[in-house]
2 protein chains.
Amino acid sequence: MNSRTGTAGRKSELTRKWILDVARGLFNDHGTSAVSTNHIAAGAGISPGNLYYHFENKKDIIRALLAEYTTAYEDRWAPTADAGENLATLRENLAAWSELAWAYRFFEREVLALVRVDPALRDSYRETYARRVGQYVAFGEQLEAQGLLRAPAPPGTIHDLAVAIWLIGQGWLPFLDVTADPRDPRQVARGTDLVLVALTPYLTTKGRRALEDVAQRG
Amino acid sequence: MNSRTGTAGRKSELTRKWILDVARGLFNDHGTSAVSTNHIAAGAGISPGNLYYHFENKKDIIRALLAEYTTAYEDRWAPTADAGENLATLRENLAAWSELAWAYRFFEREVLALVRVDPALRDSYRETYARRVGQYVAFGEQLEAQGLLRAPAPPGTIHDLAVAIWLIGQGWLPFLDVTADPRDPRQVARGTDLVLVALTPYLTTKGRRALEDVAQRG
DNA sequence: GTCTATATCGCGATAGAC
DNA sequence: GTCTATCGCGATATAGAC
């Protein structure tokens, strides 16, 4: 509130970041509801009072983590123009994405419940979702324009496909967390398979070749 | 524990069921972590002590609700033999399923978090998942045998598709809950669209016609 | 089977010293 | 910026009367 963030804010930022890292780890391991602000403070080796100096409450911490997550994603995946190139790197992109999602896996597990009880969180989630699916759709339209997409796609198909892929992407990691060991690299590969099983049949032969390119090279 | 369930158990079963109904409603509205055993007791118009007579604790209630949910599903959808007929009724089946899912929507929202903190729940969930996806795969193989599935499906495709569809089915309702009004019938229809956008491209022309049949008649 | 009363515990949050 | 101390509250769970 009263912080003019000059050089004085440095130490504060460090502690703040440290709290977020610890909280993220605990949330990932035990789920947000099992983790109290006291646990976080203890885990971070600071006092409860200090934690409340940096954050209003637990919700505030969760919001900050979502902001981190979103930023990390958007730093990494600035949308590019060439859909063909994107197809070629799709697999590695999915793998890289899964790394990030793993770091914030409590989120993938709990978002839908969390946004229900925190309107502020809900708003940023909706915004992210809209932007993200918008990117998918733009990607699909690029594919179409470049003849990489099978022709007779009824209107709305690309959008539906984008949402379906979003759902698969949202769901598969926490799902593996339950049914298998998500750290197993082969399982991560299965995650990309699940996305591709939805996407592939919409690609032309040329599109499929672009997709497999990297598999040949790698 | 010491209950020889004869005629004496009748009243007990009624109260038990009533508690479950109330709990389900509250969980749906506020999420499991915001709802305490006291809230449930108050909502049911009974004392906290009475609630603990019928259930060990909150986890126990949640487990009972999952059992209810699973049973309700399996009573409704006994697998049938004719895949072509199944295709024709797929849309209505999806719509009917969404009714059921709506009644237990807190589950769709929270399962993955819930199973993490309750091993018993985790076990039944895994079991249900395995059985359900197994049914999907069997369905896919029937389609294939009847020439309703496009021919060159690489091994594993049907299974991947089954899992992808499971993920879409798991995800879309709670997702709508966040992004739109899930009670809007058109939104429910969009849910089936999302499943079909993954399935349709794998169908032969004949398969697609079987799928559209009902749309013509309705 | 159901109630009332209560014990215990830990969470969220703040005040005030340093 | 960080700590210690602490208050108030509500959640879980049990004891014992009816």
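Numbered from 1 within each chain, the chains take letters A, B, ... in sequence-line order.
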- Query: Between D:dG1, C:dC3, D:dC3, which nucleotide gets closest to the side-chain atoms of B:I46?
  - Reply: C:dC3
- Task: Rounded off to whole Å, could you give me the CZ-to-C1' distance for the A:F55 and D:dT2 pair?
- Result: 15 Å
- Indicate yes or no: does A:D21 engage A:K17 in a salt bridge with an N to O separation below 4.0 Å. yes
- To the nearest angstrom, the CD1-C1' distance between B:I40 and C:dT2 comes to 17 Å
Could you list, one pair per line, each protein nitrogen or oxygen that sits under 3.5 Å from a nitrogen or oxygen of nucleotides 10-13 of chain C, together with the distance?
unit_1	atom_1	unit_2	atom_2	d
C:dC11	OP1	A:H39	NE2	3.2
C:dC11	O5'	A:S36	OG	3.4
C:dG12	OP2	A:T37	N	2.8
C:dG12	OP2	A:T37	OG1	2.9
C:dA13	OP2	A:Y52	OH	3.2

- Message: Counting only side-chain heavy atoms from C-beta out, which of C:dG1, D:dG1, C:dC3 sits nearest to A:N50?
- Response: D:dG1
- Item | side chain to side chain contact (heavy atoms under 4.5 Å, CB included) partners for B:D60, two or more places apart | B:F55, B:E56, B:N57, B:R63
- Value for OH (B:Y52) from OG1 (B:T37), rounded to nearest 0.5 Å, stands at 3.5 Å
- Item | Below 4.0 Å: OP1/OP2 of D:dT2 and any side-chain N or O of A:Y53 | no
- Rounded to the nearest Å, what distance is computed from the CG atom of residue B:L51 to the C1' atom of nucleotide D:dA11? 13 Å
- Item | Residues in salt bridge (charged side-chain N to carboxylate O under 4.0 Å, His left out) contact with A:D160, at least two apart in sequence or another chain | B:R190
- Note on the structure: With the side chain defined as heavy atoms from C-beta on, A:S47 is closest, among C:dG1, D:dT4, D:dG1, to D:dT4
- Item | NZ/NE/NH1/NH2 to OD/OE distance under 4.0 Å, B:D29 and B:R105 | yes
- Are any of A:T15's side-chain N or O atoms less than 4.0 Å away from OP1 or OP2 of D:dT2? yes
- Query: Looking at B:F106, does the NZ or CZ of B:R24 lie under 6.0 angstrom from its six-membered ring centre and within 45 degrees of the ring axis?
  - Reply: no
